[in-house]
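Proteins come first, then strands; the chains are lettered A, B, ... in the order of their sequence lines, and each starts at number 1.
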Protein chains: 2
Amino acid sequence: MIFTLRRLPGSDDVRVALPLVRRTRDPHEGQWALPGGWLDVSESLVAAASRTLSETTGLAPSYLEQLYAFGAVDRSPTRVVSIVYWALLRADDVSTELDSADQRENVQWFDAATLPRLAFDHNEIVDYALWRLRNKVGYSRIAHGLLADEFTLAELREVYEAILGRRLDPANFRRQVENSGTLIPTDRFRTGSHRPARLYRYNQDVELADRGPLGDRD
Amino acid sequence: MIFTLRRLPGSDDVRVALPLVRRTRDPHEGQWALPGGWLDVSESLVAAASRTLSETTGLAPSYLEQLYAFGAVDRSPTRVVSIVYWALLRADDVSTELDSADQRENVQWFDAATLPRLAFDHNEIVDYALWRLRNKVGYSRIAHGLLADEFTLAELREVYEAILGRRLDPANFRRQVENSGTLIPTDRFRTGSHRPARLYRYNQDVELADRGPLGDRD
DNA sequence: TCAAAAGTGTTCAAGCTACACCCATGC
DNA sequence: GCATGGGTGTAGCTTGAACACTTTTGA
């Protein structure tokens, strides 16, 4: 499951988007489904997730984490246990790649809020992943995975707003994120419209204890 | 992975305890390991976890949740992917069963804080599960899974203290848990020493949004 | 000069912490 | 009576929400 942000063409809104693949074989042929693949005998779970991701989008994720193992007996005609991972892609990486994606005609990007009916139990999986994403944005720095190295506070706030689905007070957001100690101000500014905004970087030193003793392994 | 609470014989302290099984075959023969088993072709993941649990302890869990899927290539001589579940048992259920457990000589209960070196990567798995338990006690009502139907606030606080590993202020604990709306006071009291303490039940109606859209399924 | 975003200050309410204090029971 | 845990009250601090306000740019 791959998430990124896209600016809606007609409006100023930023939305969560994800790529789906059209099924070309019989269980649910023609329907859209999450990209997936089989685990190789000598391949770790993350490695398999990473490989599948790259086969679908041609990109390396900026964040990758196990979501859940789905194993109900009736979720597929044949018995399948899916160990689902979710990933974040930076918007600028995606945009440089969109043209080639057009050529993979069986891959298409969708707005996460308005998905069609998907194959298998994939709608439930997406719902759960979106719930995790919304939760996690509050207590970890995954927003970083959706931004370039340097960004303004307004851009960071846009990410939070897209994920949480509601507006945040710019003044309070600034203070909260500044006090968290995870941001380093640079001496560069983003100009172009109105008053220039200071650019920030994420502080790599702060441990987030995001995943507890699991850390970055597995 | 099975958790319960036990009162230390010598002291008044309550500690988190878990059962381990002694390996009787070659990878890590003789070492202690988490109970586990193979997934049947027509068996859901929870069902397999539940079955393994009952085969180990002869008991049904009061709480059962998927922990994580471990799939590093080198975690076992042969390739094994373990989808680990964790469970809670009520202390009183366990104590009625302890005698028969003595007969299963390859099963033994350990204090979670002072475990020996376990087989495979099982120490890491326990660490991660304990971290999840500590986190989760803060925002969900899993403490319920370690208590009888009716309990005093002091007993509930003991559960929190055992899991978190620190003392809590009785006055503040009372207010927090009362204001959470998850407890229903009964008109019964626990007598026997000093002033009788009111017994409480958990309010089954409150949704905890514990696992998000996953709910109790899978 | 004006619109609009960047950035600062202030107030209010809610929640948590520490701790003093009263209440009811067994011994 | 008195020790002890059950239970209540309260002052101080921190955090977050709301919103008024100042600053700096492009047009």
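- With sequence neighbours left out, the side-chain hydrogen bond (donor to acceptor under 3.5 Å, both in side chains) criterion links Arg167(A) to Glu161(A).
- Evaluation of the ring-ring contact (aromatic ring centres under 6.0 Å, His included) rule for Tyr160(A) yields Phe173(A) as partners, not counting sequence neighbours.
- By the side-chain contact (heavy atoms from CB on, under 4.5 Å) test, Arg15(A) pairs with Leu8(A), Asp13(A), Asp111(A), sequence neighbours left out.
- A straight line from CG of Leu168(B) to C1' of dA18(C) spans 14 Å, rounded to a whole angstrom.
- Between Arg167(A) atom CZ and dG16(D) atom C1' the separation is 20 Å, expressed in whole Å.
- With sequence neighbours excluded, the residues forming a ring-ring contact (aromatic ring centres under 6.0 Å, His included) with Tyr128(B) are Tyr68(B), Trp131(B), listed by chain and number.
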Revision key, fill the gap. In B/S/- notation (B base, S sugar-phosphate only, - none; protein heavy atoms under 4.0 Å), nucleotides 18-27 of chain D written 5' to 3' is BB---BBBS-

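- For Arg51(B), the side-chain contact (heavy atoms from CB on, under 4.5 Å) test picks out Glu43(B), Ala48(B), Glu55(B), with sequence neighbours left out.
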Exercise answer: donor-acceptor pairs, residues 143-151 of chain B side-chain atoms, under 3.5 Å, sequence neighbours excluded:
unit_1: Glu150(B); atom_1: OE1; unit_2: Arg188(B); atom_2: NE; d: 3.1
unit_1: Glu150(B); atom_1: OE2; unit_2: Arg188(B); atom_2: NE; d: 3.4
unit_1: Glu150(B); atom_1: OE2; unit_2: Arg188(B); atom_2: NH2; d: 2.4

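- Arg75(B) and Phe120(B) get closest at one heavy-atom pair: O-CD2, 3.4 Å.
- With the nearest nucleotide of DNA chain D identified for both Gln176(A) and Glu178(B), Glu178(B) has the one nearer the 5' end.
- Nucleotide dC21(C) holds its P atom 20 Å from the CZ atom of Arg174(B), rounded to whole Å.
- When the C1' atoms of four end pairs are superposed on the next four at each end of the helix from dT1(C)-dA27(D) to dC27(C)-dG1(D), using five pairs per end, the two resulting axes differ in direction by 10°, to 10°.
- For Arg7(B), the salt bridge (Lys or Arg N to Asp or Glu O under 4.0 Å) partners are Glu158(B), not counting sequence neighbours.
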